[in-house]
Amino acid sequence: MSKGITSKEVDYSQWYNDIVVKAGLADHSSVRGCMVIKPNGFAIWEKIQQTLDKMFKDTGHVNAYFPLFIPKSYLSKEAAHVEGFAKECAVVTHYRLKNSADGKGVVVDPEAKLEEELIVRPTSETIIWNTYKNWIQSYRDLPILVNQWANVVRWEMRTRLFLRTAEFLWQEGHTAHATEKEAREEALKMHDVYADFAENFLAIPVLKGYKTESERFAGALDTYTIEMLMQDGKALQGGTSHFLGQNFAKAFDVTFATEKGDSDHVWASSWGVSTRLVGALIMAHSDDSGLVLPPKIAPTQVVIVPIFKGEDQLKQIKEKLDPIIKFLQDKNISVKFDGSEHKKPGWKFAEYELQGVPIRVAIGPRDLENNTVEIARRDTKEKQIIGIDEVSSFVPQLLDTIQKDLLEKAKAFRKEHTTEVDTYDDFKKILESKGGFVMAHWDGTAETEEKIKQETKATIRCVLLNNESEEGKCVYSGKSSKQRVVFAKAY
RNA sequence: CGGGGUGUAGCGCAGUCCGGUUAGCGUACCUGGUUUGGGACCAGGUGGUCGCAGGUUCGAAUCCUGCCACCCCGACCA
(Lines give C-alpha, C1' and ligand atoms only; values in the text may rest on other atoms or scores of the structure.)
Protein backbone atom coordinates (compact mmCIF):
# COMPACT_ATOMS: atom_id res chain seq x y z
CA MET A 1 0.00 0.00 0.00
CA SER A 2 1.22 3.44 -0.83
CA LYS A 3 2.26 6.05 1.64
CA GLY A 4 -0.54 8.26 2.77
CA ILE A 5 -3.51 6.84 0.89
CA THR A 6 -6.35 5.72 3.08
CA SER A 7 -7.42 2.20 2.17
CA LYS A 8 -10.60 1.85 0.17
CA GLU A 9 -11.89 -0.69 2.68
CA VAL A 10 -11.36 1.65 5.62
CA ASP A 11 -13.00 4.79 4.26
CA TYR A 12 -14.02 4.90 0.63
CA SER A 13 -14.63 8.63 0.37
CA GLN A 14 -11.37 9.44 2.14
CA TRP A 15 -9.62 7.06 -0.26
CA TYR A 16 -11.17 8.92 -3.17
CA ASN A 17 -10.08 12.27 -1.79
CA ASP A 18 -6.55 11.05 -1.09
CA ILE A 19 -6.13 9.86 -4.66
CA VAL A 20 -7.36 13.10 -6.16
CA VAL A 21 -5.01 15.14 -3.99
CA LYS A 22 -1.96 12.87 -3.77
CA ALA A 23 -1.93 12.03 -7.48
CA GLY A 24 -1.96 15.74 -8.14
CA LEU A 25 -5.26 15.79 -10.02
CA ALA A 26 -6.92 18.64 -8.17
CA ASP A 27 -7.08 20.65 -4.98
CA HIS A 28 -9.71 22.55 -3.09
CA SER A 29 -9.35 26.18 -4.01
CA SER A 30 -9.77 29.11 -1.69
CA VAL A 31 -13.18 29.61 -3.26
CA ARG A 32 -15.79 27.45 -1.56
CA GLY A 33 -16.92 24.53 -3.65
CA CYS A 34 -14.53 25.26 -6.50
CA MET A 35 -11.46 23.23 -7.35
CA VAL A 36 -8.13 23.90 -8.93
CA ILE A 37 -7.60 21.30 -11.63
CA LYS A 38 -3.88 20.59 -11.58
CA PRO A 39 -1.78 19.50 -14.59
CA ASN A 40 -2.19 15.76 -13.94
CA GLY A 41 -5.94 16.10 -13.69
CA PHE A 42 -6.26 18.50 -16.56
CA ALA A 43 -4.25 16.18 -18.81
CA ILE A 44 -6.90 13.50 -18.28
CA TRP A 45 -9.66 15.98 -19.05
CA GLU A 46 -7.79 16.98 -22.22
CA LYS A 47 -7.70 13.36 -23.35
CA ILE A 48 -11.42 13.08 -22.72
CA GLN A 49 -11.98 16.30 -24.64
CA GLN A 50 -9.83 15.33 -27.61
CA THR A 51 -11.45 11.95 -27.95
CA LEU A 52 -15.01 13.15 -27.60
CA ASP A 53 -14.45 16.18 -29.78
CA LYS A 54 -13.38 13.91 -32.62
CA MET A 55 -16.39 11.66 -32.05
CA PHE A 56 -18.70 14.69 -32.15
CA LYS A 57 -17.14 15.96 -35.35
CA ASP A 58 -17.28 12.52 -36.93
CA THR A 59 -21.02 12.56 -36.28
CA GLY A 60 -21.45 15.90 -38.01
CA HIS A 61 -21.21 18.43 -35.18
CA VAL A 62 -19.35 21.72 -35.01
CA ASN A 63 -18.17 23.80 -32.07
CA ALA A 64 -19.27 27.30 -31.10
CA TYR A 65 -19.25 29.47 -28.01
CA PHE A 66 -22.02 31.31 -26.21
CA PRO A 67 -21.86 33.83 -23.33
CA LEU A 68 -21.20 32.94 -19.71
CA PHE A 69 -23.95 35.34 -18.63
CA ILE A 70 -27.62 34.85 -19.22
CA PRO A 71 -30.24 37.57 -18.63
CA LYS A 72 -32.35 36.48 -15.70
CA SER A 73 -35.57 36.72 -17.67
CA TYR A 74 -34.42 34.09 -20.17
CA LEU A 75 -34.27 31.41 -17.54
CA SER A 76 -37.89 31.82 -16.57
CA LYS A 77 -39.17 31.45 -20.12
CA GLU A 78 -39.32 27.69 -19.83
CA ALA A 79 -41.30 26.84 -16.70
CA ALA A 80 -39.85 23.43 -15.82
CA HIS A 81 -36.33 24.63 -16.61
CA VAL A 82 -36.36 27.56 -14.20
CA GLU A 83 -37.97 25.37 -11.56
CA GLY A 84 -35.03 22.99 -11.81
CA PHE A 85 -32.18 25.48 -11.79
CA ALA A 86 -33.36 28.61 -9.94
CA LYS A 87 -32.21 27.36 -6.55
CA GLU A 88 -28.57 27.00 -7.54
CA CYS A 89 -27.80 30.05 -9.63
CA ALA A 90 -25.03 32.58 -9.09
CA VAL A 91 -26.38 36.05 -9.89
CA VAL A 92 -24.53 39.13 -11.11
CA THR A 93 -26.20 42.26 -9.81
CA HIS A 94 -23.56 44.98 -10.25
CA TYR A 95 -20.79 45.81 -12.66
CA ARG A 96 -18.44 48.02 -10.63
CA LEU A 97 -16.59 48.29 -7.35
CA LYS A 98 -15.33 51.39 -5.58
CA ASN A 99 -12.95 52.18 -2.73
CA SER A 100 -14.58 51.69 0.64
CA ALA A 101 -15.09 54.65 2.97
CA ASP A 102 -12.42 53.45 5.42
CA GLY A 103 -9.95 53.12 2.55
CA LYS A 104 -9.15 49.52 3.44
CA GLY A 105 -10.64 47.77 0.45
CA VAL A 106 -13.34 47.90 -2.15
CA VAL A 107 -17.11 47.66 -1.92
CA VAL A 108 -19.84 47.15 -4.48
CA ASP A 109 -20.77 50.48 -5.97
CA PRO A 110 -24.51 50.81 -5.38
CA GLU A 111 -24.69 53.20 -8.33
CA ALA A 112 -23.60 50.38 -10.61
CA LYS A 113 -26.63 48.17 -10.25
CA LEU A 114 -27.57 46.29 -13.40
CA GLU A 115 -30.94 47.06 -14.87
CA GLU A 116 -31.48 43.37 -15.48
CA GLU A 117 -29.53 40.93 -13.38
CA LEU A 118 -27.42 38.31 -15.11
CA ILE A 119 -27.09 34.74 -14.02
CA VAL A 120 -23.97 32.72 -14.53
CA ARG A 121 -25.01 29.86 -16.81
CA PRO A 122 -25.90 26.62 -15.04
CA THR A 123 -26.50 25.25 -18.58
CA SER A 124 -27.00 27.10 -21.84
CA GLU A 125 -30.34 26.05 -23.33
CA THR A 126 -31.92 29.45 -22.84
CA ILE A 127 -29.17 31.69 -24.22
CA ILE A 128 -28.68 29.29 -27.11
CA TRP A 129 -32.32 29.05 -28.06
CA ASN A 130 -32.61 32.80 -27.83
CA THR A 131 -29.77 32.87 -30.40
CA TYR A 132 -31.16 30.08 -32.59
CA LYS A 133 -34.24 32.23 -33.10
CA ASN A 134 -32.05 34.43 -35.28
CA TRP A 135 -30.38 31.55 -37.08
CA ILE A 136 -33.46 29.70 -38.17
CA GLN A 137 -36.08 30.80 -40.71
CA SER A 138 -36.50 27.84 -43.01
CA TYR A 139 -36.22 24.07 -43.02
CA ARG A 140 -33.14 24.74 -45.15
CA ASP A 141 -31.43 26.14 -42.04
CA LEU A 142 -31.89 22.85 -40.24
CA PRO A 143 -30.51 20.83 -38.64
CA ILE A 144 -28.19 22.85 -36.44
CA LEU A 145 -25.65 20.56 -34.79
CA VAL A 146 -23.60 22.66 -32.39
CA ASN A 147 -21.48 21.73 -29.43
CA GLN A 148 -19.88 24.01 -26.86
CA TRP A 149 -16.95 23.32 -24.52
CA ALA A 150 -17.45 25.52 -21.51
CA ASN A 151 -17.63 26.02 -17.79
CA VAL A 152 -20.90 26.22 -15.90
CA VAL A 153 -21.82 27.12 -12.33
CA ARG A 154 -24.32 25.36 -10.11
CA TRP A 155 -24.31 26.58 -6.53
CA GLU A 156 -24.38 23.20 -4.80
CA MET A 157 -24.67 22.99 -1.03
CA ARG A 158 -22.15 20.21 -0.71
CA THR A 159 -19.37 19.57 -3.13
CA ARG A 160 -16.80 16.88 -3.84
CA LEU A 161 -13.76 17.15 -6.08
CA PHE A 162 -14.74 16.31 -9.67
CA LEU A 163 -18.02 14.64 -8.68
CA ARG A 164 -19.88 17.78 -7.77
CA THR A 165 -18.23 21.18 -7.79
CA ALA A 166 -19.81 24.62 -7.89
CA GLU A 167 -18.02 25.36 -11.14
CA PHE A 168 -17.26 22.56 -13.56
CA LEU A 169 -16.07 22.05 -17.10
CA TRP A 170 -18.21 20.24 -19.61
CA GLN A 171 -19.44 20.09 -23.14
CA GLU A 172 -23.02 20.74 -24.07
CA GLY A 173 -24.46 19.89 -27.44
CA HIS A 174 -27.55 21.79 -28.58
CA THR A 175 -29.24 20.68 -31.75
CA ALA A 176 -32.22 21.94 -33.69
CA HIS A 177 -34.28 19.82 -36.08
CA ALA A 178 -37.25 20.01 -38.39
CA THR A 179 -38.95 16.89 -37.08
CA GLU A 180 -39.63 15.14 -33.82
CA LYS A 181 -38.20 11.93 -35.20
CA GLU A 182 -34.93 13.54 -36.17
CA ALA A 183 -34.49 15.27 -32.79
CA ARG A 184 -35.18 12.08 -30.91
CA GLU A 185 -32.79 10.14 -33.13
CA GLU A 186 -30.13 12.75 -32.44
CA ALA A 187 -30.59 12.39 -28.67
CA LEU A 188 -30.29 8.62 -28.99
CA LYS A 189 -27.31 8.86 -31.31
CA MET A 190 -25.36 10.95 -28.81
CA HIS A 191 -26.44 8.62 -26.04
CA ASP A 192 -24.76 5.88 -28.08
CA VAL A 193 -21.65 8.00 -28.57
CA TYR A 194 -21.37 8.47 -24.81
CA ALA A 195 -21.84 4.77 -24.13
CA ASP A 196 -19.26 3.90 -26.77
CA PHE A 197 -16.81 6.39 -25.29
CA ALA A 198 -17.36 5.16 -21.73
CA GLU A 199 -16.83 1.51 -22.57
CA ASN A 200 -14.11 1.75 -25.22
CA PHE A 201 -12.02 4.57 -23.80
CA LEU A 202 -12.80 4.87 -20.09
CA ALA A 203 -13.24 1.09 -19.83
CA ILE A 204 -16.36 1.65 -17.77
CA PRO A 205 -19.39 -0.46 -18.74
CA VAL A 206 -22.66 1.45 -18.76
CA LEU A 207 -26.35 0.76 -18.50
CA LYS A 208 -28.24 2.60 -21.22
CA GLY A 209 -31.65 3.72 -20.24
CA TYR A 210 -34.07 6.59 -19.80
CA LYS A 211 -34.95 8.52 -16.67
CA THR A 212 -38.29 8.47 -14.92
CA GLU A 213 -40.24 11.70 -14.98
CA SER A 214 -39.01 12.86 -11.59
CA GLU A 215 -35.33 12.32 -12.48
CA ARG A 216 -35.59 13.96 -15.89
CA PHE A 217 -33.65 17.08 -16.91
CA ALA A 218 -35.61 20.23 -16.19
CA GLY A 219 -37.34 21.03 -19.46
CA ALA A 220 -36.86 17.71 -21.24
CA LEU A 221 -39.49 15.29 -22.51
CA ASP A 222 -37.04 12.42 -22.24
CA THR A 223 -33.64 12.07 -20.63
CA TYR A 224 -31.37 9.25 -21.75
CA THR A 225 -28.60 8.35 -19.36
CA ILE A 226 -25.52 6.20 -19.10
CA GLU A 227 -25.30 4.77 -15.59
CA MET A 228 -22.00 3.55 -14.20
CA LEU A 229 -21.27 1.46 -11.15
CA MET A 230 -18.50 2.51 -8.79
CA GLN A 231 -16.38 0.19 -6.64
CA ASP A 232 -18.30 1.03 -3.47
CA GLY A 233 -21.55 -0.17 -5.04
CA LYS A 234 -22.96 3.29 -5.70
CA ALA A 235 -24.14 4.40 -9.12
CA LEU A 236 -22.90 7.43 -11.00
CA GLN A 237 -24.70 9.16 -13.83
CA GLY A 238 -21.96 9.47 -16.41
CA GLY A 239 -23.68 11.52 -19.08
CA THR A 240 -27.10 12.48 -20.28
CA SER A 241 -28.78 13.21 -23.56
CA HIS A 242 -32.14 14.93 -23.68
CA PHE A 243 -34.99 15.00 -26.14
CA LEU A 244 -36.41 18.47 -25.51
CA GLY A 245 -39.40 18.33 -27.85
CA GLN A 246 -40.52 21.81 -28.84
CA ASN A 247 -40.32 23.19 -25.31
CA PHE A 248 -37.49 25.63 -25.85
CA ALA A 249 -38.58 26.54 -29.36
CA LYS A 250 -41.94 27.51 -27.94
CA ALA A 251 -40.43 29.37 -25.00
CA PHE A 252 -38.19 31.39 -27.33
CA ASP A 253 -40.56 31.48 -30.26
CA VAL A 254 -38.31 29.67 -32.71
CA THR A 255 -40.32 28.69 -35.78
CA PHE A 256 -39.39 27.75 -39.31
CA ALA A 257 -41.04 27.49 -42.70
CA THR A 258 -41.53 23.85 -43.59
CA GLU A 259 -41.08 22.34 -47.04
CA LYS A 260 -44.82 22.58 -47.53
CA GLY A 261 -44.84 26.25 -46.62
CA ASP A 262 -46.40 25.89 -43.14
CA SER A 263 -44.84 27.19 -39.99
CA ASP A 264 -43.77 24.93 -37.14
CA HIS A 265 -41.75 25.07 -33.95
CA VAL A 266 -38.26 23.60 -34.07
CA TRP A 267 -37.45 20.31 -32.35
CA ALA A 268 -34.48 20.08 -30.01
CA SER A 269 -31.98 17.89 -28.25
CA SER A 270 -29.21 18.66 -25.78
CA TRP A 271 -26.51 16.45 -24.30
CA GLY A 272 -23.53 16.76 -22.03
CA VAL A 273 -20.73 15.18 -20.07
CA SER A 274 -18.50 16.90 -17.54
CA THR A 275 -15.32 16.75 -15.51
CA ARG A 276 -17.29 14.36 -13.36
CA LEU A 277 -16.03 11.67 -15.73
CA VAL A 278 -12.60 12.11 -14.17
CA GLY A 279 -14.18 11.19 -10.84
CA ALA A 280 -15.82 8.18 -12.46
CA LEU A 281 -12.50 7.06 -13.83
CA ILE A 282 -10.96 7.14 -10.37
CA MET A 283 -13.79 5.33 -8.63
CA ALA A 284 -14.18 2.67 -11.29
CA HIS A 285 -10.61 1.38 -11.55
CA SER A 286 -8.23 2.68 -8.92
CA ASP A 287 -6.77 0.88 -5.91
CA ASP A 288 -4.94 1.56 -2.66
CA SER A 289 -1.70 2.37 -4.50
CA GLY A 290 -3.36 5.15 -6.43
CA LEU A 291 -4.85 5.84 -9.79
CA VAL A 292 -5.34 3.13 -12.41
CA LEU A 293 -5.92 4.61 -15.85
CA PRO A 294 -7.06 2.81 -18.98
CA PRO A 295 -4.30 3.20 -21.59
CA LYS A 296 -6.51 5.01 -24.08
CA ILE A 297 -7.15 7.85 -21.66
CA ALA A 298 -3.82 7.93 -19.81
CA PRO A 299 -1.85 11.11 -20.56
CA THR A 300 1.36 9.11 -20.16
CA GLN A 301 1.02 5.51 -21.32
CA VAL A 302 4.54 4.26 -20.74
CA VAL A 303 7.09 5.51 -18.26
CA ILE A 304 10.71 4.45 -18.46
CA VAL A 305 12.68 4.43 -15.23
CA PRO A 306 16.42 4.04 -15.73
CA ILE A 307 18.46 2.68 -12.85
CA PHE A 308 21.92 4.12 -13.07
CA LYS A 309 25.02 5.34 -11.36
CA GLY A 310 26.54 8.39 -12.95
CA GLU A 311 26.00 10.15 -16.23
CA ASP A 312 27.79 7.56 -18.32
CA GLN A 313 25.41 4.82 -17.40
CA LEU A 314 22.40 7.08 -17.93
CA LYS A 315 23.73 7.98 -21.36
CA GLN A 316 24.30 4.34 -22.20
CA ILE A 317 20.72 3.46 -21.24
CA LYS A 318 19.32 6.39 -23.12
CA GLU A 319 21.17 5.49 -26.29
CA LYS A 320 19.96 1.94 -26.09
CA LEU A 321 16.34 3.01 -25.66
CA ASP A 322 16.15 6.02 -27.96
CA PRO A 323 15.18 4.06 -31.09
CA ILE A 324 12.54 2.17 -29.14
CA ILE A 325 11.10 5.37 -27.68
CA LYS A 326 10.98 6.87 -31.13
CA PHE A 327 9.29 3.78 -32.54
CA LEU A 328 6.60 3.86 -29.85
CA GLN A 329 6.06 7.59 -30.26
CA ASP A 330 5.59 7.10 -33.98
CA LYS A 331 2.81 4.70 -33.09
CA ASN A 332 1.17 7.52 -31.08
CA ILE A 333 2.12 6.02 -27.75
CA SER A 334 3.06 8.62 -25.16
CA VAL A 335 6.33 7.73 -23.49
CA LYS A 336 8.02 9.48 -20.62
CA PHE A 337 11.68 8.86 -19.85
CA ASP A 338 12.39 9.88 -16.27
CA GLY A 339 16.16 10.25 -16.01
CA SER A 340 15.96 12.60 -13.06
CA GLU A 341 18.80 12.07 -10.59
CA HIS A 342 17.01 13.67 -7.68
CA LYS A 343 14.68 10.77 -6.99
CA LYS A 344 15.51 7.16 -6.39
CA PRO A 345 14.04 4.44 -8.60
CA GLY A 346 11.86 3.16 -5.76
CA TRP A 347 10.41 6.59 -5.30
CA LYS A 348 9.65 6.82 -9.01
CA PHE A 349 8.00 3.40 -9.06
CA ALA A 350 5.62 4.46 -6.31
CA GLU A 351 5.00 7.85 -7.84
CA TYR A 352 4.03 6.57 -11.29
CA GLU A 353 1.82 3.93 -9.72
CA LEU A 354 0.09 6.72 -7.83
CA GLN A 355 -0.39 8.55 -11.12
CA GLY A 356 -1.76 5.49 -12.84
CA VAL A 357 0.71 5.17 -15.72
CA PRO A 358 -0.35 1.86 -17.35
CA ILE A 359 3.11 0.48 -18.16
CA ARG A 360 6.44 0.95 -16.47
CA VAL A 361 9.70 -0.07 -18.07
CA ALA A 362 12.72 -0.35 -15.76
CA ILE A 363 16.21 -0.78 -17.07
CA GLY A 364 19.49 -0.93 -15.15
CA PRO A 365 23.05 -2.22 -15.38
CA ARG A 366 21.89 -5.80 -14.98
CA ASP A 367 19.59 -5.38 -17.99
CA LEU A 368 22.24 -3.71 -20.06
CA GLU A 369 24.36 -6.77 -19.54
CA ASN A 370 21.58 -9.20 -20.39
CA ASN A 371 19.93 -7.07 -23.06
CA THR A 372 16.63 -7.06 -21.17
CA VAL A 373 14.14 -4.71 -19.48
CA GLU A 374 11.63 -5.20 -16.70
CA ILE A 375 8.05 -4.46 -17.66
CA ALA A 376 5.40 -3.84 -15.01
CA ARG A 377 1.71 -3.31 -15.64
CA ARG A 378 -0.12 -0.96 -13.32
CA ASP A 379 -3.49 -2.71 -13.21
CA THR A 380 -2.29 -6.12 -12.00
CA LYS A 381 1.16 -5.08 -10.72
CA GLU A 382 2.62 -8.04 -12.61
CA LYS A 383 6.26 -7.75 -13.58
CA GLN A 384 8.24 -9.62 -16.18
CA ILE A 385 11.61 -9.50 -17.84
CA ILE A 386 11.67 -9.35 -21.63
CA GLY A 387 14.36 -8.96 -24.23
CA ILE A 388 15.04 -5.41 -25.22
CA ASP A 389 14.29 -6.21 -28.87
CA GLU A 390 10.81 -7.37 -27.94
CA VAL A 391 9.78 -4.05 -26.35
CA SER A 392 8.54 -2.44 -29.55
CA SER A 393 6.07 -5.20 -30.26
CA PHE A 394 5.28 -6.10 -26.66
CA VAL A 395 4.30 -2.66 -25.35
CA PRO A 396 1.53 -1.85 -27.86
CA GLN A 397 0.07 -5.32 -27.33
CA LEU A 398 0.17 -4.97 -23.58
CA LEU A 399 -1.55 -1.59 -23.75
CA ASP A 400 -4.39 -3.23 -25.65
CA THR A 401 -4.53 -6.07 -23.17
CA ILE A 402 -4.71 -3.72 -20.20
CA GLN A 403 -7.45 -1.70 -21.87
CA LYS A 404 -9.51 -4.86 -22.45
CA ASP A 405 -8.82 -6.36 -19.04
CA LEU A 406 -9.93 -3.22 -17.22
CA LEU A 407 -13.25 -3.26 -19.03
CA GLU A 408 -13.70 -6.98 -18.39
CA LYS A 409 -12.90 -6.55 -14.73
CA ALA A 410 -15.39 -3.70 -14.41
CA LYS A 411 -18.01 -5.78 -16.22
CA ALA A 412 -17.47 -8.73 -13.90
CA PHE A 413 -17.78 -6.43 -10.90
CA ARG A 414 -21.02 -5.00 -12.23
CA LYS A 415 -22.43 -8.44 -12.92
CA GLU A 416 -21.61 -9.49 -9.38
CA HIS A 417 -23.29 -6.35 -8.06
CA THR A 418 -26.48 -6.52 -10.08
CA THR A 419 -29.27 -8.29 -8.26
CA GLU A 420 -32.86 -9.11 -9.11
CA VAL A 421 -35.17 -8.86 -6.13
CA ASP A 422 -38.89 -9.53 -5.74
CA THR A 423 -39.65 -8.41 -2.20
CA TYR A 424 -39.11 -5.13 -0.41
CA ASP A 425 -37.23 -6.94 2.37
CA ASP A 426 -34.73 -8.35 -0.10
CA PHE A 427 -34.57 -4.97 -1.77
CA LYS A 428 -33.47 -3.29 1.45
CA LYS A 429 -31.20 -6.17 2.41
CA ILE A 430 -29.26 -6.02 -0.85
CA LEU A 431 -28.91 -2.24 -0.67
CA GLU A 432 -27.56 -2.52 2.86
CA SER A 433 -25.16 -5.36 2.18
CA LYS A 434 -23.51 -5.29 -1.21
CA GLY A 435 -25.25 -2.37 -2.87
CA GLY A 436 -24.97 -2.12 -6.62
CA PHE A 437 -27.79 -2.17 -9.15
CA VAL A 438 -31.01 -3.66 -7.89
CA MET A 439 -33.46 -4.79 -10.56
CA ALA A 440 -36.97 -4.62 -9.23
CA HIS A 441 -40.55 -4.22 -10.35
CA TRP A 442 -42.07 -0.77 -9.89
CA ASP A 443 -45.67 0.28 -10.26
CA GLY A 444 -44.75 3.32 -12.37
CA THR A 445 -45.92 5.97 -9.94
CA ALA A 446 -43.91 8.93 -8.69
CA GLU A 447 -45.34 8.35 -5.19
CA THR A 448 -43.80 4.91 -4.90
CA GLU A 449 -40.53 6.16 -6.30
CA GLU A 450 -40.45 8.94 -3.73
CA LYS A 451 -41.32 6.66 -0.81
CA ILE A 452 -38.58 4.22 -1.73
CA LYS A 453 -36.12 7.08 -2.02
CA GLN A 454 -37.03 8.38 1.41
CA GLU A 455 -36.91 4.99 3.07
CA THR A 456 -33.81 3.55 1.42
CA LYS A 457 -32.02 6.47 -0.30
CA ALA A 458 -32.13 4.43 -3.49
CA THR A 459 -33.41 6.06 -6.65
CA ILE A 460 -34.47 4.72 -9.99
CA ARG A 461 -31.33 5.16 -12.06
CA CYS A 462 -33.06 4.35 -15.30
CA VAL A 463 -35.42 2.15 -17.22
CA LEU A 464 -33.28 0.15 -19.60
CA LEU A 465 -33.73 0.74 -23.30
CA ASN A 466 -34.67 -2.59 -24.94
CA ASN A 467 -35.91 -3.66 -21.54
CA GLU A 468 -37.42 -7.13 -21.53
CA SER A 469 -41.04 -7.01 -20.49
CA GLU A 470 -41.88 -9.29 -17.61
CA GLU A 471 -45.06 -9.58 -15.56
CA GLY A 472 -44.51 -8.92 -11.88
CA LYS A 473 -45.54 -7.02 -8.79
CA CYS A 474 -44.08 -3.73 -7.54
CA VAL A 475 -41.73 -4.45 -4.62
CA TYR A 476 -43.19 -1.54 -2.69
CA SER A 477 -46.90 -1.35 -3.46
CA GLY A 478 -47.56 -4.87 -4.78
CA LYS A 479 -49.38 -3.40 -7.76
CA SER A 480 -48.82 -5.04 -11.11
CA SER A 481 -45.81 -4.11 -13.20
CA LYS A 482 -44.72 -5.00 -16.70
CA GLN A 483 -40.97 -4.55 -16.34
CA ARG A 484 -38.12 -4.27 -13.92
CA VAL A 485 -36.30 -0.96 -13.47
CA VAL A 486 -32.80 -0.21 -12.16
CA PHE A 487 -32.53 1.02 -8.59
CA ALA A 488 -29.34 2.08 -6.79
CA LYS A 489 -27.92 4.48 -4.31
CA ALA A 490 -26.19 7.12 -6.34
CA TYR A 491 -23.71 9.96 -6.20
C1' C B 1 -30.39 27.05 8.03
C1' G B 2 -30.01 23.10 12.45
C1' G B 3 -26.27 19.59 15.22
C1' G B 4 -21.00 18.57 15.99
C1' G B 5 -15.81 19.78 15.20
C1' U B 6 -11.27 22.36 13.79
C1' G B 7 -8.07 26.86 13.02
C1' U B 8 -0.27 26.62 15.65
C1' A B 9 5.88 26.33 9.64
C1' G B 10 4.17 24.38 2.57
C1' C B 11 1.42 19.80 4.47
C1' G B 12 0.01 16.63 8.90
C1' C B 13 -0.14 17.37 14.11
C1' A B 14 1.30 18.07 19.79
C1' G B 15 1.06 21.99 23.37
C1' U B 16 -4.55 25.11 25.42
C1' C B 17 -7.87 21.83 30.70
C1' C B 18 -4.13 24.12 35.17
C1' G B 19 -1.06 31.46 31.85
C1' G B 20 5.46 31.58 33.11
C1' U B 21 12.56 29.37 29.69
C1' U B 22 14.14 30.65 23.21
C1' A B 23 6.48 27.43 20.83
C1' G B 24 7.81 21.75 19.66
C1' C B 25 7.41 16.98 16.59
C1' G B 26 6.81 14.37 11.78
C1' U B 27 7.15 15.42 6.75
C1' A B 28 8.60 18.67 2.91
C1' C B 29 12.49 22.22 1.57
C1' C B 30 18.09 23.85 1.35
C1' U B 31 23.64 22.40 1.99
C1' G B 32 27.43 18.52 2.32
C1' G B 33 28.67 13.41 2.20
C1' U B 34 27.54 8.22 1.60
C1' U B 35 23.79 5.79 -1.46
C1' U B 36 20.57 4.15 -5.99
C1' G B 37 16.68 -3.07 -8.82
C1' G B 38 10.19 -0.80 -4.41
C1' G B 39 8.88 5.86 -1.38
C1' A B 40 17.54 5.78 1.32
C1' C B 41 20.87 7.20 5.51
C1' C B 42 23.94 10.59 8.46
C1' A B 43 25.15 15.58 9.77
C1' G B 44 23.95 20.64 9.52
C1' G B 45 20.36 24.43 8.16
C1' U B 46 15.95 27.68 6.42
C1' G B 47 10.99 28.45 7.57
C1' G B 48 5.86 30.87 12.80
C1' U B 49 1.37 38.07 12.64
C1' C B 50 -0.15 30.50 17.18
C1' G B 51 -7.49 32.40 12.22
C1' C B 52 -8.86 37.97 13.18
C1' A B 53 -10.11 42.04 16.67
C1' G B 54 -10.56 43.60 21.49
C1' G B 55 -10.03 42.61 26.85
C1' U B 56 -7.87 40.58 31.75
C1' U B 57 -2.64 40.19 33.55
C1' C B 58 3.96 41.89 35.48
C1' G B 59 3.37 38.10 31.59
C1' A B 60 -1.49 35.09 26.84
C1' A B 61 -1.03 29.89 21.67
C1' U B 62 -3.16 29.01 26.74
C1' C B 63 -8.23 32.80 30.37
C1' C B 64 -12.71 36.21 28.76
C1' U B 65 -15.79 38.67 24.75
C1' G B 66 -16.95 39.34 19.73
C1' C B 67 -16.07 38.09 14.73
C1' C B 68 -14.30 35.13 10.52
C1' A B 69 -13.07 30.75 7.84
C1' C B 70 -13.12 25.70 6.84
C1' C B 71 -14.56 20.41 7.66
C1' C B 72 -18.17 16.47 9.03
C1' C B 73 -23.55 14.96 9.77
C1' G B 74 -28.54 16.55 8.24
C1' A B 75 -31.80 19.55 4.90
C1' C B 76 -30.79 20.86 -0.77
C1' C B 77 -28.85 18.87 -5.39
C1' A B 78 -27.84 14.73 -9.69
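Proteins come first, then strands; the chains are lettered A, B, ... in the order of their sequence lines, and each starts at number 1.
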My understanding is that a pair needs two contacts under 3.5 Å, Watson-Crick or G-U wobble. By that rule, which nucleotide pairs with [N]?
| N | answer |
| --- | --- |
| B:rG19 | none |
| B:rG7 | B:rC68 |
| B:rC1 | B:rG74 |
| B:rC29 | B:rG45 |
| B:rG37 | none |
| B:rA60 | none |
| B:rG24 | B:rC13 |

Handout entry: Which residue lies more 5' along RNA chain B, comparing A:Y491 with A:G346 via nearest heavy atoms
Key = A:G346
Completion exercise
5'-most contact on RNA chain B (nearest-nucleotide basis), A:K453 vs A:G310, goes to A:G310
Problem - Gap in Å between the two P atoms, one belonging to B:rA60 and one to B:rG5, rounded - result: 28 Å
Handout entry: Phosphate contact (B:rC76 OP1 or OP2) by A:K87 side-chain N/O below 4.0 Å
Key = no
Practice task
Could you tell me whether the phosphate oxygens of B:rG39, OP1 or OP2, come under 4.0 Å of any side-chain nitrogen or oxygen in A:K344?
Solution key: no
Handout entry: Rounded distance (nearest 0.5 Å) linking atom OG1 of A:T372 with atom CD of A:E390
Key = 10.0 Å
Practice task
Mind checking the CG-CG spacing from A:L163 to A:L277? Nearest 0.5 Å is all I need.
Solution key: 10.5 Å
At 4.0 Å (heavy atoms only), tell me whether [X] reaches a base, stays on the sugar-phosphate, or touches nothing.
| X | value |
| --- | --- |
| A:K234 | nothing |
| A:R360 | base |
| A:E215 | nothing |
| A:E351 | base |

Quick one: do the [X] and [Y] side chains pair a donor with an acceptor below 3.5 Å?
| X | Y | answer |
| --- | --- | --- |
| A:D232 | A:Y491 | yes |
| A:E9 | A:S7 | no |
| A:K381 | A:S289 | yes |

From [atom1] of [X] over to [atom2] of [N], roughly how many Å is that when rounded to an integer?
| X | N | atom1 | atom2 | result |
| --- | --- | --- | --- | --- |
| A:R160 | B:rC71 | CZ | C1' | 13 Å |
| A:K38 | B:rC11 | NZ | P | 12 Å |
| A:N17 | B:rG12 | CG | C1' | 15 Å |
| A:I5 | B:rG39 | CD1 | P | 16 Å |
| A:E156 | B:rA78 | CD | C1' | 7 Å |
| A:F168 | B:rC77 | CZ | C1' | 11 Å |
| A:D338 | B:rG38 | CG | C1' | 15 Å |
| A:Q14 | B:rC72 | CD | P | 9 Å |

Handout entry: Residues in side-chain hydrogen bond (donor to acceptor under 3.5 Å, both in side chains) contact with A:T419, at least two apart in sequence or another chain
Key = A:K434
Practice task
Check if the side chain of A:R164 and the base of B:rC77 share a donor-acceptor pair of N or O atoms closer than 3.5 Å.
Solution key: yes
Exercise for the section: Record whether the side chain of A:K381 comes under 3.5 Å of the base of B:rG38 through a donor-acceptor pair of N or O atoms. Expected result: no
